[in-house]
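Below you'll find the structure, written out as structure tokens, and then a few comments.
From a predicted model like this one, the values you see are computed outputs, not experimental measurements. What's counted below: heavy atoms across the whole structure, side chains too, no hydrogens, waters or symmetry copies.
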Amino acid sequence: MNPHSFFHLAAAVLPALVLTAQAATVTVVVTGTDGLPAPNVVVQLMPARPVAARPASAPVVIAQRDVHFVPYLTAVPAGTTVRFSNQDAFDHHVRSQPAGPLGTIPPVKDFEFRLPAANGDKIGTADVKMDKPGIVMLGCHLHSSMRAHLFVSETSLVAVTDSSGRVVIADVPEGAVDLRTWHPDQLTDQPASPRQIAGATANLESVLNFTPPRPRARRG
């Protein structure tokens, strides 16, 4: 093989090898200042070299069920289509509202519509494309107690903690990342935390700057 052929082969193969080596699966556990697991926290991993968000390949569903939005907190990459679905046997309403405990965060997108009651297998739905990063609080004009939050992220490396305060995020590039968190009840921003990702897996911990309220049990 002549030197020029070898150079071109190496140039084609090495980037693929580098990309393969950079993919890591990262587990993050988030707690409050009380040391207890913090559910319903958005976790974002922001690589030092920014990567454009990849929208979800299919609509992400937020249901209206038993007079609740389910889930309470949804996080999606920018560009994702969110599908609202009324699964109750009576009409609901969906409207965007300012977010945050003081209602000081303007919704990243304004929308408002009514969804008809479910009738057998027929379920009323409406799709909204979330074009840019930001936050929306969701409400129902017909049922004022219904509240939920939608977080639109500038990265695809985003997830919401479960009841044990845990998320697992795949395909994280190796190297420096900023770990960022957001909770619907925070009064001040959570500081970004620089971390280093190396190897095929990583386990990280993050502590919020406040103690979030415990989720209330849903009444049947």
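Between atom CD1 of residue Ile105 and atom CD of residue Gln97 there is a gap of 13.5 Å, rounded to the nearest 0.5 Å. Put simply, CG on Asp88 and CG on Asp66 are 6.0 Å apart, with the number rounded to the nearest 0.5 Å. To the nearest 0.5 Å, the span separating OG on Ser193 from CD on Glu205 amounts to 11.0 Å. Within the model, atoms CG of Leu150 and OH of Tyr72 stand 12.5 Å from one another, a figure rounded to the nearest 0.5 Å. Here the CG-CG distance, from Asn40 to Leu73, works out to 5.5 Å after rounding to the nearest 0.5 Å. Separation of atoms CG (Leu36) and CG (Asp34) is listed at 4.0 Å; rounding is to 0.5 Å.
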Go through the steps for Phe210 and His183 under the test ring pair (Phe, Tyr, Trp, His ring centres under 6.0 Å), then give the verdict. CA-CA 10 Å; Phe210 76 114; His183 188 282; 5.5 Å; yes
Criterion ring pair (Phe, Tyr, Trp, His ring centres under 6.0 Å) on Phe84 and Phe113, from CA distance to verdict: CA-CA 10 Å; Phe84 294 94; Phe113 47 87; 5.8 Å; yes
Please test Val158 against Ile169 for side chain to side chain contact (heavy atoms under 4.5 Å, CB included), starting from the C-alpha separation and ending with a verdict. CA-CA 7 Å; Val158 61; Ile169 300 177; 5.9 Å; no
Checking side chain to side chain contact (heavy atoms under 4.5 Å, CB included) for the pair Val60/Thr81: CA distance, chi angles, key distance, verdict? CA-CA 6 Å; Val60 173; Thr81 295; over 6 Å; no
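Residues Val108 and Val94 fall within the same hydrophobic cluster, defined by Ile, Leu, Val, Met, Phe, Trp and Tyr side chains chained together at heavy-atom separations under 4.5 Å. With hydrophobic clusters built from ILVMFWY side chains whose heavy atoms lie under 4.5 angstrom apart, Phe69 shares a cluster with Val136. By the rule that hydrophobic residues join a cluster once side-chain heavy atoms approach within less than 4.5 Å of another member, Val28 and Val177 end up as members of one cluster. With hydrophobic clusters built from ILVMFWY side chains whose heavy atoms lie under 4.5 angstrom apart, Met130 shares a cluster with Leu138.
Using a distance-only test at 3.5 Å, with no hydrogens or angles considered, no donor-acceptor pair links the side chain of Thr201 to the main chain of Thr25. Between the side chain of Thr31 and the backbone N or O of Val207 there is no donor-acceptor pair closer than 3.5 Å. Using modelled atom types, no side-chain atom of Asp178 and backbone atom of Ala192 make a donor-acceptor pair closer than 3.5 Å. Judged by distance alone, with hydrogens and angles left aside, the side-chain atoms of His93 form a donor-acceptor pair with the main-chain N or O of His141 at under 3.5 Å. When atom types are taken as modelled, the side chain of Arg147 and the backbone of Ser144 share a donor-acceptor pair closer than 3.5 angstrom. Remark: the backbone N or O of Gly165 is paired with a side-chain donor or acceptor of Asp162 at under 3.5 angstrom.
Across Leu115 and Asn86, no two heavy atoms sit closer than the pair O-ND2, 3.3 Å. Annotation for Ile123 and Ser85: closest pair CG2-OG, 3.3 Å, computed over non-hydrogen atoms. Between Gly32 and Pro212, the closest heavy-atom pair is CA-CD, 3.9 Å. Taking all atoms of both residues into account, the shortest heavy-atom contact from Pro37 to Arg214 is O-NH1, 3.1 Å. Heavy-atom minimum distance, Pro184 versus Pro101: O-CD, 3.2 Å. Nearest heavy atom pair, residue Leu208 against residue Ala38, reads CD1-CB, 3.9 Å.
Side-chain contact between Val82 and Ile62: present, with at least one pair of heavy atoms (C-beta onward) separated by less than 4.5 Å. The shortest side-chain heavy-atom distance between Asn209 and Thr188 falls under the 4.5 Å cut-off. Put simply, the side chain of Ile197 reaches to within 4.5 Å of the side chain of Leu204, judged on heavy atoms. Side chains of Asp185 and Pro213 form a contact here, defined as non-hydrogen atoms less than 4.5 Å apart. The side-chain heavy atoms of Met146 and Val67, taken from C-beta on, include a pair separated by under 4.5 Å. Side-chain contact between Arg166 and Thr27 is present, with heavy atoms from C-beta onward closer than 4.5 Å. Residues Ile135 and Val152 fail the side-chain proximity criterion, which asks for heavy atoms closer than 4.5 Å. Side-chain contact between Val30 and Val43: present, with at least one pair of heavy atoms (C-beta onward) separated by less than 4.5 Å.
Environment of CD in Glu112: crowded, with over 12 heavy atoms of neighbouring residues, nucleotides or ligands closer than 6.0 Å.
Grouping Ile, Leu, Val, Met, Phe, Trp and Tyr by side-chain contacts under 4.5 Å, direct or through others, leaves Val29 on its own. Residue Met137 shares its hydrophobic cluster (ILVMFWY side chains chained together at separations under 4.5 Å) with no other residue.
Applying the side-chain contact (heavy atoms from CB on, under 4.5 Å) rule to Asp189 yields the partners Gln186; only residues at least two apart in sequence or on another chain are considered.
Below 30°, between 30° and 60°, or above 60°: for Phe90 and His143 the angle between ring planes is between 30° and 60°, a tilted geometry. Taking the six-membered ring for Trp and thresholds of 30 and 60 degrees, Trp182 and Phe151 have ring planes inclined between 30 and 60 degrees apart.
Between the side chains of Thr33 and Thr211, a donor-acceptor pair is found at a separation under 3.5 Å. Between the side chains of Gln44 and Thr155, no donor-acceptor pair of N or O atoms lies under 3.5 Å.
Electrostatic pairing of Asp131 and Lys109 counts as a salt bridge here, judged by a charged N lying under 4.0 Å from a carboxylate O.
Each of Met46, Gln190, Arg195 was compared with Leu179 under the side-chain contact (heavy atoms from CB on, under 4.5 Å) criterion, and only Arg195 meets it.
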